[in-house]
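Written below as structure tokens is the structure these notes are about.
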2 protein chains.
Amino acid sequence: MPLPVPALPEGVDPAWLPPAAFRAVGGRRTLIRGSGPLVETVHGEVAEACRRFGGRVVREARPDGATYDLVLGLGADDLGDEGFSCARADGTTTVTASGGRGLLYGLFHVVRLGEAAFTGGWARQTHRPALDLRMLDHWDNVAVHPVMGQVERGYAGGSLFWADGRARGDLERVRAYGRLLAACGINAVAVNNVNVHETEAHLLTDRIHEVAAIADVLRPYGVATHLSVSFAAPVVLGGLPTADPLDEAVRDWWGEATRRVYEAIPDFGGYVVKADSEGQPGPFAYGRSHAEGANMLAAALEPFGGTVHWRAFVYNHRQDWRDRTTDRARAAYDHFVPLDGEFAANAVLQVKHGPMDFQVREPVSPLIGAMPRTRLAVEVQATQEYTGQQRHVCWLGPMWSEVLRFRHEPEASVGERARGGLVAVSNAGDDPFWTGHPLAQANLYTFGRLAWRPDADPCEVLDEWIGLTFPEAPERLSDGLHAALDGSWRTYEKYTAPLGVGWMVQPGHHYGPSVDGYEYSPWGTYHFADRDGIGVDRSVASGTGYAGQYAKPWAELYESPDTCPDELLLFFHHVSYGHTLHSGKAVIQHIYDTHFEGVAEVEEARRVWAGLADLVEPGRHARVAERYEEQLRSAREWRDQINSYFFRKSGVPDERGRRIY
Amino acid sequence: MPLPVPALPEGVDPAWLPPAAFRAVGGRRTLIRGSGPLVETVHGEVAEACRRFGGRVVREARPDGATYDLVLGLGADDLGDEGFSCARADGTTTVTASGGRGLLYGLFHVVRLGEAAFTGGWARQTHRPALDLRMLDHWDNVAVHPVMGQVERGYAGGSLFWADGRARGDLERVRAYGRLLAACGINAVAVNNVNVHETEAHLLTDRIHEVAAIADVLRPYGVATHLSVSFAAPVVLGGLPTADPLDEAVRDWWGEATRRVYEAIPDFGGYVVKADSEGQPGPFAYGRSHAEGANMLAAALEPFGGTVHWRAFVYNHRQDWRDRTTDRARAAYDHFVPLDGEFAANAVLQVKHGPMDFQVREPVSPLIGAMPRTRLAVEVQATQEYTGQQRHVCWLGPMWSEVLRFRHEPEASVGERARGGLVAVSNAGDDPFWTGHPLAQANLYTFGRLAWRPDADPCEVLDEWIGLTFPEAPERLSDGLHAALDGSWRTYEKYTAPLGVGWMVQPGHHYGPSVDGYEYSPWGTYHFADRDGIGVDRSVASGTGYAGQYAKPWAELYESPDTCPDELLLFFHHVSYGHTLHSGKAVIQHIYDTHFEGVAEVEEARRVWAGLADLVEPGRHARVAERYEEQLRSAREWRDQINSYFFRKSGVPDERGRRIY
């Protein structure tokens with residue numbers, strides 16, 4: 001039976017799968033060959049498109065030798081479960097896959113191509129994901145937290161999965177979410193927050209049926225379900241006196257708990273663990289290493305083919321700001337590099353892309369280049385915690401692309417090293433536009449596509465997203481959207497913390513500027529600005545030595561302010577306000593200039609958007625327009641606070657005499 | 001029937017009424033004359049003391065002409081309801097009052113005197129409260145707020161009055177609270193938060209019986225009950241389309257609501273209103289003045305003898321920090337002085353003692369000197385929002401005394417001008433020690449005694465509190481307690497924001513330092529520190545003109561940095577770090593010195609307290625000792641953040657070369 005396409009609840013935006021995106025496919029005669037659940041998903045998609053656009057779809061070739069415009073079929077031998085190939089000859093476009101997921105991805109490839117899929121003839125292309133795991137971590141809580149709300153760092157309403165204290169009864173929207181994820185290549189979701197609170201701990205055991213219900217509706221879209229678990233589960237849930245990973249009873253408890261999980265969800269993906277991090281329990285309490293902790297869970301999962309994703313976000317979050325010898329940036333490397341080679345084959349070390357925490361600009365984590373004998377997953381943050389919280393337009397494609405193309409040594413890029421997958425903290429919630437800011441959908445889509453092909457040109461992905469989301473858009477609209485999004489990350493960088501130094505946000509909620517907000521805090525997040533200069537000396541020669549965690553040539557490049565790239569200068573060095581950048585500008589003038597420029601760029605983007613009112617449906621246009629107002633207000637606040645702060649501190653006037661308060 | 005003394009719940013501290021405080025009274029033969037509810041309260045007190053210490057109490061003189069050690073009786077003609085006189089002659093101490101409250105206050109006077117009340121002979125003294133209203137405002141919510149907790153700015157547990165969403169069923173502890181208040185002379189309590197949320201709005205109408213239950217148990221201690229009400233009540237509760245104070249239907253609604261309040265509570269004190277302040281509704285919405293708003297409520301209360309306390313805390317809390325022409329300090333004066341003479345006789349304008357918000361050091365509000373034709377109440381804050389949140393010892397007696405003795409013109413002190421009463425935001429809650437920090441009880445007691453006699457020497461009040469709370473304490477203990485408390489306000493001032501500039505606290509919860517925490521905020525709270533200097537120019541000549549709100553000689557004194565008192569210099573002037581204080585020190589060196597001194601003083605106080613372990617009961621000693629640890633940690637944090645901030649900004653090294661980070 002073909003799987004019906006999910007019915008979107010009234011008022012929910014179809015995102016990058018509006019019906020019109022299926023026009024080319026839906027007007028054709030299509031043959032689908034093969035069997036299995038995902039083939040039924042493919043059939044349902046094509047059938048729905050044909051219903052709308054007048055085409056036809058069959059499952060068996062007619063004996064009379066009728067020809068088809070599109071043939072989607074299983075049968076390829078060597079493409080893995082997710083790969084597909086396609087070609088067009090003699091008026092027929094053929095997609096062949098080895099497995100159901102490959103066929104579904106092939107269908108969405110044809111959808112993306114649109115009319116081009118059915119034009120002329122073209123040679124066989126083969127597509128396979130570069131990374132096996134393309135995952136979203138949802139920091140969703142079942143219970144609503146009185147301060148954090150339901151979704152930690154969520155800016156798109158409540159959770160898609162959980163409502164009223166339990167898994168949603170109506171999972172039709174989760175089905176629609178799974179479909180969107182499949183259409184951009186995402187194949188795994190962790191359905192709860194890595195900070196596992198008391199209620200959520202029970203999802204592992206007595207509430208696993210709720211997770212299973214979610215897994216059931218994601219499965220037809222090739223999306224595997226993972227669960228964040230508490231390292232203390234044997235104590236909290238099992239009543240054991242310890243969670244020591246080398247304790248036999250603890251190991252047995254995890255083994256049994258995991259067996260029951262797989263009873264409920266046979267294709268369960270595995271566990272995500274935040275251990276010994278920001279107050280979460282972990283192996284340190286028992287004098288065990290993180291490899292010992294991770295391997296215990298890996299052993300429990302191994303018989304069932306599951307994986308543990310063990311986060312490397314371990315640092316001292318109760319640091320004394322007076323202590324300049326401790327450098328949070330060093331922490332992940334210092335903790336984990338000594339463990340390289342000790343992790344089990346199904347234990348993936350999940351590393352944030354930068355050494356700090358998803359700032360608008362960070363160097364690439366040196367840990368990613370220093371664990372050749374460990375399966376690594378790289379974690380990025382689609383939810384815009386530090387990048388405007390989906391009130392600001394900040395398309396992160398270029399940042400992620402820079403990270404993924406970065407080469408610690410010439411031999412391998414980050415995208416190649418991420419053998420354990422690419423993971424994003426999701427930016428989606430039960431908001432009608434899925435992501436709060438309608439344009440933030442582009443981040444979710446871009447993440448999926450970059451996870452499939454980390455060396456893709458993000459600009460092409462952006463245009464792909466525009467093409468799908470606004471099918472048949474006139475050039476003025478697609479150009480306008482491209483302009484609004486393309487440079488938005490650099491714009492955001494301009495009006496916020498300068499030159500890679502990071503932070504300067506309001507403590508707690510992290511929205512809006514507070515230059516000293518994290519300066520005297522226990523979080524390890526400092527800029528050390530005084531009347532003479534600013535920045536953190538992380539050189540080996542005179543600083544914390546962080547620069548030495550990189551292999552050459554990066555260690556040498558970052559070591560000296562003369563060779564360090566401008567955009568990371570204050571991350572690596574403390575320099576005077578008069579220090580001349582490679583750009584030729586003094587640091588202080590750079591601060592002033594970029595902050596004025598950033599605001600001007602937001603003003604321009606707002607103007608461009610206003611000019612598109614006739615081309616965008618009113619609800620979406622209004623939502624974006626209203627967020628531009630807030631972005632502009634906030635950008636001006638950033639500009640004025642940052643400029644005033646540094647003018648008051650440095651006493652250096654703006655060369656151009658602009659207004660600083 | 002004598003009223004039984006309240007039974008304290010297990011583990012609750014008796015504060016300044018431990019049984020031993022009644023030893024002198026309890027060992028005597030006492031005659032009580034007169035009748036009425038409060039005479040029964042007096043009888044119950046004496047009876048309980050006699051039960052413990054072997055004395056006797058009777059209500060009618062024996063016909064055989066027996067003599068008594070103590071005669072407490074109604075009968076004086078001219079002392080008002082609260083005054084009393086006392087004398088001792090021929091071996092009998094006589095207390096005479098015109099009303100029941102006076103008699104109760106007279107009894108507590110004898111208790112305070114202890115053995116001295118029964119020693120020798122002494123001439124008649126007459127005692128009357130200088131202020132008719134001595135009131136506590138409880139910022140207690142019925143419902144627990146997810147962020148603020150139950151008691152806004154409360155640091156002593158939950159509410160004494162409200163639990164589980166309603167008035168406590170067992171009000172025995174509220175009785176005990178009333179008794180403590182009577183013993184220090186407090187005669188009124190507002191039982192709910194001035195920020196009136198939805199649940200609490202209903203106390204005025206359908207939940208007035210809960211307020212009545214509280215009033216019933218406070219009444220025998222001479223404590224009247226007041227209620228904070230929402231100006232929007234006619235809309236929120238009455239379903240009217242407006243709350244316009246000149247609308248007849250609105251006035252009728254208030255009249256009828258008030259009539260019902262008095263039906264439930266015949267001696268109800270009146271309303272407290274925070275209007276047009278920090279988001280609360282008010283008359284501005286209808287184009288009406290605050291006098292019109294207050295007078296409407298006054299009119300509703302007038303037939304029943306009630307009073308409206310209308311808070312003058314009206315300012316723009318959405319100020320743009322870039323706008324230097326707006327000065328929050330000016331706001332109350334600017335709003336209310338034009339209305340002088342327009343308020344009804346039973347409308348009291350309740351003015352915070354300083355122009356900002358209960359900072360550790362502020363000038364006295366100029367408004368207090370500028371409304372001769374208005375009944376004013378002066379509001380202080382016993383709850384230590386900005387003065388250490390009952391984790392730090394900060395005895396506020398000297399600060400309040402300075403305020404009360406301040407004379408805007410030679411003719412009248414603040415204490416004399418506060419014809420509408422003295423009001424404190426309560427620091428009490430359901431904590432076993434009532435006030436979180438056991439030594440913070442001294443603030444509550446001192447407030448009551450200063451409200452009774454604003455020109456009292458606060459040091460004598462402190463010793464009175466020590467004498468009652470620690471009866472029969474050896475000199476080492478009373479000296480130690482005196483030392484710990486006496487200078488604690490100045491110590492706190494030393495290690496926090498310097499020279500009257502205020503703020504520099506963590507936004508939101510207001511605990512701990514953040515020098516720039518309120519610098520770029522909408523709250524009107526700035527220090528304007530740059531690399532050259534610091535302070536707010538509030539002079540008439542070059543600043544906001546706030547200094548001109550004072551009458552001479554203060555306007556002239558504050559106008560110039562040469563004559564402005566050191567401790568307020570940065571409140572009134574922006575000066576360079578090198579500016580020489582009257583003390584002879586440069587501002588920057590003063591900052592360093594006071595911050596090192598403040599911490600040293602906390603270290604010394606902690607040491608003194610540790611040395612008293614053998615003289616204080618262990619639970620109380622441990623609680624205080626533990627809070628000293630936190631106070632010291634926090635004081636060091638203040639010292640280091642403030643010193644580092646100003647060293648980084650000014651570049652001026654400490655003359656004495658001490659460690660600055």
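Given the structure is predicted, the values throughout are model-derived calculations rather than measurements. Letters A, B, ... mirror the listed sequences (proteins, then strands); counts begin at 1.
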With rounding to the nearest 0.5 Å, note down the distance linking OH in A:Tyr661 to CG in B:Asp320.
7.5 Å

With rounding to the nearest 0.5 angstrom, report the OH to OG distance, A:Tyr518 to B:Ser514.
11.5 Å

Can you tell me if B:Glu655 has over 12 outside heavy atoms packed within less than 6.0 Å of its CD?
no

How many angstroms lie between atom CZ of A:Arg648 and atom CD of B:Glu519, to the nearest 0.5 angstrom?
5.0 Å

Which answer fits B:Asp516, side chain, backbone, both or neither, if we ask what part of it has an atom under 4.5 Å from a heavy atom of chain A?
side chain

Ring-face cation contact, A:Phe646 with B:Lys649, 6.0 Å cut, 45° max:
no

Heavy-atom pairs under 4.5 Å with chain A - which of B:Ala529, B:Ser650, B:Gly651 has more of them than the others?
B:Ser650

Engaged part of B:Ser521 at the chain A interface, taking heavy atoms whose separation is under 4.5 Å
neither

Could you tell me whether the side chain of B:Trp321 reaches within less than 4.5 Å of the side chain of A:Glu637, counting heavy atoms only?
yes

Given side chains that start at C-beta, do those of A:Tyr520 and B:Val515 come closer than 4.5 Å, heavy atoms only?
no

